[in-house]
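As structure tokens, the structure follows; a few thoughts come after it.
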Amino acid sequence: MNKRVRVRFAPSPTGPLHIGGVRTALYNYLFAKQNGGDMLLRIEDTDSARFVPGAEDYIVEALNWLGITIDEGVGAKSTGNHAPYRQSERKSIYRKYVDQLLEAGLAYIAFDTPVELEAKRAEIANFQYDAKTRGLMANSLVLPADEVKARIERGEQYVVRIKIEPNEEIKVQDLIRGEVVINSSVIDDKVLFKSSDELPTYHLANVVDDYLMEISHVIRGEEWLPSAPLHVLLYRYLGWTDVMPEFAHLPLLMKPDGNGKLSKRDGDRLGFPVFPLNWKDPKTGETFSGYREAGYFPEAVVNFLALLGWNSGTDQEIFSMQELIDLFSLDRVSKSGAKFDYEKGKWFNHKYLQNKPLEEIADLFQHILVEKDIIEDSEKVMKVVGLVRERANFITELWAQSSFFFVAPTSYDERTVQKRWKAETPRQINELIAVLNEITEFNAEKTEEIVKEWITASEYNMGGVMNAFRLSVVGESKGPHIFDIISLIGKEETIARLKTAVEVIGGN
RNA sequence: GGUCCAUUCGUCUAUCGGUUAGGACGCCAGGUUUUCAUCCUGGAAAGAGGGGUUCGACUCCCCUAUGGACUACCA
């Protein structure tokens, strides 16, 4: 009786994949992998008017980057035996089911134009195309059969609407919310098919494809909950109730400020990405930032997103994809919408930055250095990264934390100069130069020992000398242990920087 | 307006009738670091309101309030 678990992520290519959509894809993936099932990617492009070039590639690339692998469908390695997986390419499939519904009297043809419908809505408050109003409209239920035929032959555009019987309590079993009951009277006679482009609408295409593709679980956003009863009805009308998939409606991702669901423009408005990858709108030229380009690790994004609406029931916060697959369960998905907490997202990335192997971080950082025309051997880069990574959240912040390892300061932070550069400082720095010059074994331990001995012996103020030393080498009051820095940049460079500081800042 | 869904610290959440209501992010304080961060320790911080049910409710039920989704020839 247990059928194979098959889930699908079914976005429409109307733009870049939103972070909420990414989470839906992730949950589908986790559920599929946990149950040894299949993850399909189907493109729902039944609205020819809203197609955006590049959106499909974007979706595939984003899922790829995140490590959400597709077993079947668009973007999968092998084609799969339910092809095609783009609804626009499945055009010929749907007509048959439309006719089946029409013949059974469960759907009907309607000629009302958008203009006429709009007029009706203006005329009747809360107008809904349903059992109460369809007798007033231009459809095959009221028009004589020969006129319907004539109109179609004349080439008049029409749509096919589902015929919903009023006053029935329709039950939807939801894996997250339990039983949801909706009275059929509040559902309107939804359009299932339009003659203008010979394409079904979402509702029909979705049900037909899920049936044909043997989908076992429909895991989608909560925005679909109100139309779930319609889908249940469609399964019944088509005679597929016994193989109807189970439903799970996920809570939505909300704006961090104010109210409403997270949307396209919130990200750049509030200073964080809401898309996985950068996106440039081909029509408007508008650009939106993505997590990848913002310097995030895909693992951190996955971890962060997984916990926005789901938890393991333990105190664990850091999960690998494999752990998520093992632990995920739909009944631990929360029911209410989650506000998007960008600060926590940064923290996740910080964690991954600390825990990843040094070689990997150094390798990534090398790319940034190369862009700045800095060529360094990987051994030094690795040492630098080891010293500064803990103060960064992103690879991209590593440069700001470590530039002084590669280039001498070109200016000195004014406030630090005021605070740390005293009248006696130039003399002390000159002495320091001489002390350092004598050291043959120029490593962190040795230099620290000798320098501190000299400061103590000279009865200088330890803090005074040390801070001026740092200012001269780094340019400001920041960075790792000063002796670690000088051992890496070397004796000559250290002395050169000290000399420059004395010259430039001078007597202040 | 109608329908549906939801409601624990500022945020993400644990708790599946009996807990000093726990953890994490963020925030604040102290400590470490003769810098800045990191890090460590500590702290402040929550059951929307009202009725029930029960020996006992954050937990179950009802009402109210609030938030959200949907209400297209879009998905």
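Labels below follow one simple rule: chain letters A, B, ... track the order of the sequence lines, proteins then strands, and each chain is numbered from 1.
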Subject >> For the student: nearest non-hydrogen atoms of A/Tyr58 and A/Pro276, plus distance >> reply: OH-CD, 3.5 Å
Subject >> Separation of the P atoms in B/U41 and B/G23, to the nearest angstrom >> reply: 12 Å
Original post:
Parallel under 30°, tilted from 30 to 60°, perpendicular over 60°: which one fits the rings of A/Phe127 and A/Tyr129?
Top reply: perpendicular
Please produce a list of atom pairs where a protein N or O lies less than 3.5 Å from an N or O of nucleotides 1-8 of chain B.
{"from": "B/C5", "atom 1": "O2'", "to": "A/Arg177", "atom 2": "NH1", "distance (Å)": "2.5"}
{"from": "B/C5", "atom 1": "O2'", "to": "A/Glu222", "atom 2": "OE2", "distance (Å)": "3.2"}

Original post:
Looking across every strand, which nucleic acid part, if any, lies under 4.0 Å from A/Arg121 by heavy atom: base, sugar-phosphate, or nothing?
Top reply: sugar-phosphate
Original post:
Between A/Arg8 (CZ) and B/A75 (C1'), how many Å, whole number?
Top reply: 11 Å
Original post:
Can you tell me how far P of B/A75 sits from CG of A/Leu234, to the nearest Å?
Top reply: 14 Å
Original post:
Say you pick atom C1' in B/G22 and the same atom in B/G47; how far apart are they, in whole Å?
Top reply: 14 Å
Subject >> Salt bridge A/Arg269-A/Asp257, side-chain N to carboxylate O under 4.0 Å >> reply: yes
Subject >> Proximal nucleotide (of B/C39, B/G68, B/U13) relative to the A/Asn311 side chain >> reply: B/U13
Original post:
Taking OP1 and OP2 of B/U33, is either one under 4.0 Å from a side-chain nitrogen or oxygen of A/Arg470?
Top reply: no
**OP:** Could you check which of B/C25, B/U13, B/C73 has an atom nearest any side-chain atom of A/Pro114?
**Re:** B/C73
**OP:** Can you tell me, in whole Å, how much space there is between the P of B/U59 and that of B/A21?
**Re:** 15 Å
Original post:
So what does A/Asp197 hit on the nucleic acid, given a heavy-atom distance under 4.0 Å: a base, only sugar-phosphate, or nothing?
Top reply: nothing
Original post:
Looking only at side-chain N and O atoms, does A/Lys261 come under 4.0 Å of OP1 or OP2 in B/C70?
Top reply: yes
**OP:** Starting at atom CE of A/Met254, determine the distance to atom C1' of B/A69, rounded to an integer number of angstrom.
**Re:** 8 Å
**OP:** With heavy atoms under 4.0 Å as the rule, sort A/Val159 into base, sugar-phosphate or nothing.
**Re:** base
Original post:
Between atom NZ in A/Lys351 and atom C1' in B/C39, what is the gap in whole Å?
Top reply: 9 Å
Original post:
Of all the nucleotides listed (B/G26, B/A75, B/G23), which has the minimum atom distance to the side chain of A/Glu317?
Top reply: B/G23
Original post:
So which nucleotide from B/C12, B/A24, B/C70 ends up closest to the side chain of A/Glu223?
Top reply: B/C70
Subject >> Interatomic distance at C1', B/G1 relative to B/U15, whole Å >> reply: 39 Å
Subject >> Lys/Arg N to Asp/Glu carboxylate O, A/Lys346 vs A/Glu343, below 4.0 Å >> reply: yes
**OP:** Considering only atom C1', compute the distance from B/G50 to B/G42 and round it to an integer number of Å.
**Re:** 39 Å
**OP:** Specify whether A/Trp224 and A/Tyr202 have parallel, tilted or perpendicular ring planes, treating 30° as the upper limit for parallel and 60° as the lower limit for perpendicular.
**Re:** parallel
Original post:
Does B/U15 have a Watson-Crick or wobble mate here (both distances under 3.5 Å), and if so which one?
Top reply: none
Subject >> Span that lies between the P atom of B/G10 and that of B/G2, in whole angstrom >> reply: 32 Å
**OP:** Round to the nearest Å and state the distance from A/Lys344 atom NZ to B/G10 atom P.
**Re:** 15 Å
**OP:** Searching all strands shown, indicate the nucleotide that pairs with B/C60 (Watson-Crick or G-U wobble; both distances under 3.5 Å).
**Re:** B/G52
**OP:** Scan every strand shown for a Watson-Crick or G-U wobble partner of B/A6, both distances under 3.5 Å, and answer none if you come up empty.
**Re:** B/U66
Subject >> Candidate nucleotides B/U38, B/A75, B/G26, ranked by approach to the side chain of A/His350 - the nearest >> reply: B/U38
Subject >> Options B/G23, B/C74, B/G26, nucleotide nearest the side-chain atoms of A/Thr201 >> reply: B/C74
**OP:** Look at all strands and tell whether A/Arg389 reaches a base, only sugar-phosphate, or nothing, counting heavy atoms closer than 4.0 Å.
**Re:** nothing
**OP:** Starting at atom CZ of A/Arg391, determine the distance to atom C1' of B/U32, rounded to an integer number of angstrom.
**Re:** 14 Å
**OP:** Tell me which nucleotide among B/C12, B/A75, B/U11 gets nearest to the side chain of A/Glu44.
**Re:** B/A75
Original post:
Is there a donor and acceptor pair closer than 3.5 Å between the side chain of A/Lys478 and the base of B/A37?
Top reply: no
Original post:
According to the interplanar angle, ranging from 0 to 90°, do the rings of A/Tyr342 and A/Tyr291 count as parallel (below 30°), tilted (30 to 60°) or perpendicular (above 60°)?
Top reply: tilted
Original post:
C1' atom, B/U54 versus B/U11: distance in rounded Å?
Top reply: 35 Å
**OP:** Let me know, please, whether A/Glu448 or A/Ala392 comes out on the 5' side of the other along RNA chain B by nearest nucleotide.
**Re:** A/Glu448
Original post:
Hey, which of these two, A/Ser196 or A/Phe340, hits RNA chain B nearer its 5' end, going by closest nucleotide?
Top reply: A/Phe340
Original post:
Is A/Gly309 touching bases, backbone alone, or none of the nucleic acid, heavy atoms closer than 4.0 Å?
Top reply: sugar-phosphate
**OP:** Starting from P on B/A14, measure out to CH2 on A/Trp310 and report it in whole angstrom.
**Re:** 11 Å
Subject >> Base-pairing mate for B/G47 - Watson-Crick or G-U, with both contacts under 3.5 Å >> reply: none
Original post:
Does OP1 or OP2 of B/C12 have a side-chain N or O of A/Arg332 closer than 4.0 Å?
Top reply: no
Subject >> Under-4.0 Å salt bridge between A/Glu317 and A/Lys344 >> reply: yes
**OP:** Please determine if A/Asp266 and A/Lys264 form a salt bridge, counting it only when a charged side-chain N lies under 4.0 Å from a carboxylate O.
**Re:** no
**OP:** With heavy atoms under 4.0 Å as the rule, sort A/Pro229 into base, sugar-phosphate or nothing.
**Re:** nothing
Subject >> Pairing partner (Watson-Crick or G-U wobble, both distances under 3.5 angstrom) of B/C28 >> reply: B/G42
Original post:
In terms of side-chain geometry, is the basic nitrogen of A/Lys478 or A/Glu476 positioned less than 4.0 Å from the acidic oxygen of its partner?
Top reply: yes
Original post:
Taking only side-chain nitrogens and oxygens of A/Thr46, does any of them come within less than 4.0 Å of OP1 or OP2 of B/A75?
Top reply: yes
**OP:** For residues A/Ile187 and A/Pro229, report the shortest heavy-atom separation together with the two atoms involved.
**Re:** CD1-CB, 3.8 Å
**OP:** Indicate, with a heavy-atom threshold strictly under 4.0 Å, whether A/Ser334 touches base, sugar-phosphate, or nothing.
**Re:** sugar-phosphate
Original post:
Is any side-chain N of the basic residue among A/Glu493 and A/Arg497 closer than 4.0 Å to the acidic one's carboxylate O?
Top reply: yes
Original post:
Among the nucleotides B/C12, B/G26, B/A75, which one has an atom lying closest to any side-chain atom of A/Asp47?
Top reply: B/A75
**OP:** Quote, to the nearest angstrom, the C1' distance that separates B/U38 from B/C4.
**Re:** 48 Å
**OP:** In whole angstrom, give the distance that lies between atom CG of A/Asp484 and atom P of B/A37.
**Re:** 19 Å
